[in-house]
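Just so you know, ligand 1 is whichever comes first in the structure, and atom 1 is the first atom listed for that ligand. By convention here, the first residue in the shown sequence is residue 1.
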Amino acid sequence: MASDAPTQAPPLTDAHGRRISYLRISVTDRCDLRCRYCMSEKMQFLPRRDILSFEEIDAIAGAFVERGVRKIRLTGGEPLVRGGVMDLVRMLGRHRENGDLDELTMTTNATRLAEHAEALVDAGVRRVNVSLDTRDPETFRYITRWGEIGRTLDGIAAAKAAGLRVKINMVGLKGLNDREIVPMMRWCADEGHDLTLIETMPLGQIDDDRHDRYLPLDAVQRDLEDRFTLVPLMERTGGPARYWNVGELGLKLGLITPLTNNFCAGCNRVRITVSGKIYMCLGHDDHLDLKTALREGGREALDRVLDQAMILKPLAHDFAIRADNAEPAVSRHMSVTGG
Ligand code: SAM
Ligand code: SF4
């Protein structure tokens, strides 16, 4: 690998004037579950030789931090299934320690969170997002194909005990968990967790028909407004979520509605995969190769690819869930870029 000395390259700003301050890193495309809306049962995962080492991920992340990224989220696949992943979390944690990063976070299914919660806190992580689409053991097993709800709930409890703030991510699935939305809101409020509801997005071929399970969240929002006082919060994170405070419950509720609401104007993020590809938009397949740049040209080559990525970042995604279950809008699975 060539020199990784700091460069004078400017902060990352795309061709539409959006500052890129948020990086999501998929640390593995593998997972110990197979959520039906995310993966097919038999997935082809990347061969190990194609994936970035922790040192390479750290070098790429460091380049982003020097160019103005203030927040990093580790995701996957399931980040906690990658062997030794805490070494990477600690490496990245030094940017938190020296003040170059405002936040280092993780999105996880929590099956292994109980083992790692305290080490995450020690490494500078303060918040985690946990996927929990249902609290019913059988529905959980059905959605994840073989998951044990107990492990996930234990992981969430351990995170809370370790002092991590938890946000629950719940993908709305018509006929599977729509009746659980209000009970989930109450449980999150009681436990002190935030809750974000997510619309299924057409990413990657799966075995099920996404259209059958598609739950438009604008309708869910109208139902909730009939039952609760939803006070809009001005907070925007540069992403797809809009937030409300649910007066009666004291719950912070987020809605991620890429299909019923376009969220792109204030987009501040890019994503890298574990094979070193940078995706400028979750809703497009266009990407550039950071791994080859890093391996063959070092930091200068990396900066050139980042500059090119800023020119290519599209203004908006073009998602749609089609009734004919045609090819998904984007061929890669969510587990490749990690949401
Ligand atoms: N394995 C971790 C987890 O489940 O939290 C991290 C990776 S997972 C791909 C990140 C988030 O994407 C999860 O909240 C998951 O529910 C969501 N997700 C996966 N596939 C999706 C899809 N097609 N549409 C919407 N959300 C999806
Ligand atoms: Fe795994 Fe997360 Fe995808 Fe579920 S949503 S299959 S836990 S990567």
Undergrad: Should you measure from each heavy atom of Asn169, which atoms of ligand 1 turn up under 4.0 Å away?
TA: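 It comes down to these atoms of ligand 1: 14 (O).
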Undergrad: Strictly by modelled atom types, are Thr229 and Glu248 linked by a side-chain donor-acceptor pair under 3.5 Å?
TA: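 Short answer, yes.
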Undergrad: Please check if any side-chain donor atom of Glu199 sits under 3.5 Å from a side-chain acceptor atom of Thr257, or the reverse.
TA: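 No, no side-chain donor-acceptor contact under 3.5 Å.
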Undergrad: Give a yes or no answer on whether the side chain of Thr13 reaches the backbone of Gly17 with a donor-acceptor pair at less than 3.5 Å.
TA: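 It does not hold such a pair.
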Undergrad: If you measure from each heavy atom of Glu199 to ligand 1, is any distance below 4.0 Å?
TA: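 Within the 4.0 Å threshold, so yes.
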Undergrad: Could you tell me which atoms of ligand 2, counted from 1 in the order shown, lie closer than 4.0 angstrom to a heavy atom of Cys38?
TA: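 Contacts of ligand 2 toward Cys38, numbered from 1: 3 (Fe), 5 (S), 6 (S).
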Undergrad: Would you tell me which option among Gly77, Ser131, Ser26 has the nearest heavy-atom contact to atom 1 (N) of ligand 1?
TA: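 When every heavy atom of Gly77, Ser131, Ser26 is considered, Gly77 comes closest to atom 1 (N) of ligand 1.
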Undergrad: Counting only nitrogen or oxygen atoms and a 3.5 angstrom limit, does Thr75 reach ligand 1?
TA: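 Checking ligand 1 against Thr75, no N or O pair falls under 3.5 Å apart.
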Undergrad: Which is closest to atom 7 (S) of ligand 2 by heavy-atom distance: Thr111, Thr152, Asn109?
TA: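 The residue whose heavy atom sits nearest atom 7 (S) of ligand 2 is Asn109.
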Undergrad: Any donor-acceptor pair under 3.5 Å linking the side chain of Arg145 with the backbone of Arg34?
TA: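 It does hold such a pair.
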Undergrad: I need the atoms of ligand 2 closer than 4.0 Å to a non-hydrogen atom of Leu33, numbered in the order shown.
TA: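 Answer, ordered by atom number: 6 (S).
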Undergrad: If the cut-off is 4.0 Å to any non-hydrogen atom of Gly77, which atoms of ligand 2 fall inside it?
TA: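 With Gly77 as reference, the close atoms of ligand 2 come out as 8 (S).
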Undergrad: Between Arg70 and Asp100, does at least one N-O distance fall below 4.0 Å, as a salt bridge requires?
TA: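 No, no charged N to carboxylate O under 4.0 Å.
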Undergrad: Counting only heavy atoms closer than 4.0 Å, does ligand 2 sit against the backbone of Cys35, its side chain, both, or neither?
TA: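 Both backbone and side chain.
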Undergrad: Okay, side chain of Arg36, backbone of Tyr142: is any donor-acceptor separation there less than 3.5 Å?
TA: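 It does hold such a pair.
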